[in-house]
Number of protein chains: 4
Amino acid sequence: MFFSIDPNNGIAIYEQIVRQVKFAIADGVLVPGQLLPSVRTLAVSLAINPNTIAKAFSQLQNDGIVETLRGRGIAVRGDALEACREARCSLLEDRLRGAIAEALHGGLNAREIKRIIATQLESLDGQVATVATPLPSTGNSS
Amino acid sequence: MFFSIDPNNGIAIYEQIVRQVKFAIADGVLVPGQLLPSVRTLAVSLAINPNTIAKAFSQLQNDGIVETLRGRGIAVRGDALEACREARCSLLEDRLRGAIAEALHGGLNAREIKRIIATQLESLDGQVATVATPLPSTGNSS
Amino acid sequence: MFFSIDPNNGIAIYEQIVRQVKFAIADGVLVPGQLLPSVRTLAVSLAINPNTIAKAFSQLQNDGIVETLRGRGIAVRGDALEACREARCSLLEDRLRGAIAEALHGGLNAREIKRIIATQLESLDGQVATVATPLPSTGNSS
Amino acid sequence: MFFSIDPNNGIAIYEQIVRQVKFAIADGVLVPGQLLPSVRTLAVSLAINPNTIAKAFSQLQNDGIVETLRGRGIAVRGDALEACREARCSLLEDRLRGAIAEALHGGLNAREIKRIIATQLESLDGQVATVATPLPSTGNSS
DNA sequence: GTGGTCTAGACCACC
DNA sequence: GTGGTCTAGACCACC
């Protein structure tokens with residue numbers, strides 16, 4: 001499964017799911033027409049109540065990202081890719097901006113922030129390298 | 001006032017206050033022995049309910065950062081500086097790490113993340129400079 | 001209370017609430033800035049689960065009709081009136097159109113439908129006359 | 001085929017089929033003794049799951065409108081005409097009454113409702129005429 | 001099997 | 001007091 005939920009990171013669980021579905025579409029992991037994992041399947045595999053999953057999917061439907069096929073499941077809409085790419089950018093930028101703003105406001109200067117970020121990127125990049133960077137020939141991706 | 005509260009950034013308001021008090025101490029804006037602004041003063045100036053301020057101060061007391069001086073107010077403890085410096089680092093690192101982790105997990109690679117961060121640093125650094133460090137020549141602002 | 005819910009009329013309860021809130025705003029019964037009845041209050045007075053009320057209010061927020069004032073309640077937005085007037089028209093027209101289409105398709109002709117409608121209007125109009133037609137000078141309101 | 005199903009009009013699909021069968025009988029399009037189209041035929045022509053058709057037919061049997069002729073199919077019962085005429089009236093009246101009640105409750109007065117109805121009758125009557133009344137010489141279909 | 005709706009009841013943050 | 005989120009479990013319509 002391509003979702004990883006942290007129930008204590010301050011972001012509501014259903015919101016984490018909404019974001020990750022959008023990211024997966026933006027990334028091509030979920031393609032237009034494809035069915036999302038079912039509410040019950042996700043609920044079991046993430047150990048989360050089905051209502052919470054349903055709430056996330058309902059919001060994705062409101063956002064025009066998915067559509068329900070009665071009795072069959074919930075599918076990625078044909079026009080979702082572009083919207084998800086834009087959403088991913090703005091969602092991630094917002095979060096990074098918030099974190100950086102707090103760091104600056106909290107008394108760190110740009111150099112210290114950059115050093116922290118570089119450290120985090122190194123340690124985190126390794127963990128997801130096999131998933132997120134399947135192109136070994138990129139050369140200097142960092 | 002050195003607090004800036006965003007009621008919609010996902011972090012609880014009382015938690016934002018706790019963090020910013022710790023940052024102010026780590027930064028030397030608040031020094032050991034100094035009284036915090038009163039609950040009422042802060043509530044009015046931030047347009048926030050006094051209960052929320054009180055909850056933040058209560059948590060600061062639990063964290064061993066401040067102490068109540070009966071009849072006088074709430075003061076920064078003598079041993080708070082070191083704890084706040086450590087807390088600042090870990091709090092900010094945690095938040096930055098979370099944001100970066102989501103970005104990597106969401107399909108951005110390190111280069112793209114660095115570009116976004118550089119952009120945010122440029123735009124934010126300018127804004128904060130005028131707000132957070134208004135006294136370039138002061139030397140001993142406390 | 002200005003809501004009347006029928007749990008068995010085929011329309012979801014939360015959807016009935018959404019419609020009636022919009023109608024109340026369109027009608028001036030709820031005015032911009034005014035707080036909606038609280039979730040708990042409505043739940044008790046309508047004998048409906050609070051979650052169902054909350055779901056309705058959440059959809060009203062998605063529709064841009066209301067906004068939540070943290071800790072105070074949910075208020076009608078300043079720009080809700082026009083949107084609700086338009087929504088009322090289209091929602092009611094859709095439902096009337098559906099009913100008429102079924103009647104025509106089911107073998108009634110326009111004259112029979114008009115007769116039924118006239119009968120219903122007479123009996124129903126009387127019931128709500130004091131609420132819905134406060135203008136005695138209209139002359140031929142029917 | 002004399003059925004037109006709208007999967008999104010709020011009425012359950014099987015219920016739409018039940019109603020339309022009754023209307024067809026009331027209208028003489030289906031006569032006592034006549035076989036209904038088979039479950040499979042209807043399922044294909046309406047692009048609906050056979051289970052849904054079967055559920056509708058089962059309810060028609062419970063309502064005493066049709067009977068199963070073993071090995072031959074499902075036929076309109078000899079005494080169905082009168083029951084369907086009554087059912088048609090009450091079903092359509094109920095729906096029209098519901099729509100009108102909501103319109104009155106929602107703040108429209110009888111005059112506005114009548115104007116909407118007249119508009120709908122005009123536009124719908126034309127469309128339905130070509131489908132439901134294949135008699136080009138009728139002249140005054142209302 | 002699928003999602004949609006609803007009830008019942010809990011905890012949280014904020015006023 | 002206020003709304004927001006979450007869990008647990010039920011029933012429905014449709015496939």
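The sequence lines fix the lettering, A, B, ..., with proteins before strands; numbering per chain opens at 1.
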Is a side-chain donor or acceptor of C/Glu102 paired with a backbone partner of D/Leu92 at a separation under 3.5 angstrom? no

Residues of residues 54-69 of chain A with any non-hydrogen atom less than 4.0 angstrom from an atom of DNA chain E: list those, numerically ordered, please. A/Gln61, A/Thr68

Minimum heavy-atom separation for A/Leu30 and A/Gln34, please, with both atom names. CA-OE1, 3.5 Å

Minimum-distance pair of heavy atoms, taken over all atoms of C/Leu35 and C/Gly73: CD2-C, 4.0 Å

Given Watson-Crick and G-U pairs under 3.5 Å, DNA chain F in dot-bracket ([ ] crossing, | other strand) is ||||||||||||||.

Testing the basics here: between C/Ala75 and C/Leu69, what is the closest heavy-atom pair and its distance to 0.1 Å? CB-CD1, 4.0 Å

So, the side chain of A/Gln59 versus the backbone of A/Glu15: is there a donor-acceptor pair under 3.5 Å, distance only? no

Considering heavy-atom distances to DNA chain F, does D/Ile11 or C/Ser38 have its closest nucleotide positioned more toward the 5' end? C/Ser38

Students often get this wrong, so: under 4.0 angstrom with heavy atoms, is C/Ile48 touching a base, only sugar-phosphate, or nothing? sugar-phosphate

Please find the pair of heavy atoms, one from A/Gly64 and one from A/Asp79, that lie closest to each other, and give the distance. O-OD1, 4.1 Å

Pick the nucleotide of DNA chain F nearest each of C/Gly71 and A/Arg40; which residue has the one closer to the 5' end? C/Gly71

Please classify the nucleic acid contact of C/Ile13 as base, sugar-phosphate, or nothing, using heavy-atom distances under 4.0 Å. sugar-phosphate

Least distance between heavy atoms, C/Lys22 atom then C/Cys84 atom: O-CB, 3.4 Å

Could you tell me which non-hydrogen atom of B/Ile11 sits nearest to which non-hydrogen atom of B/Gln16, and how far apart they are? O-NE2, 2.9 Å

The first and last nucleotides of DNA chain E lying within contact of chain A, meaning any atom under 4.0 Å from one of its heavy atoms, run from E/dG1 to E/dC6

Determine whether a donor-acceptor pair (N or O, by modelled atom type, separation under 3.5 Å) exists between the side chain of C/Asp27 and the backbone of C/Val29. no

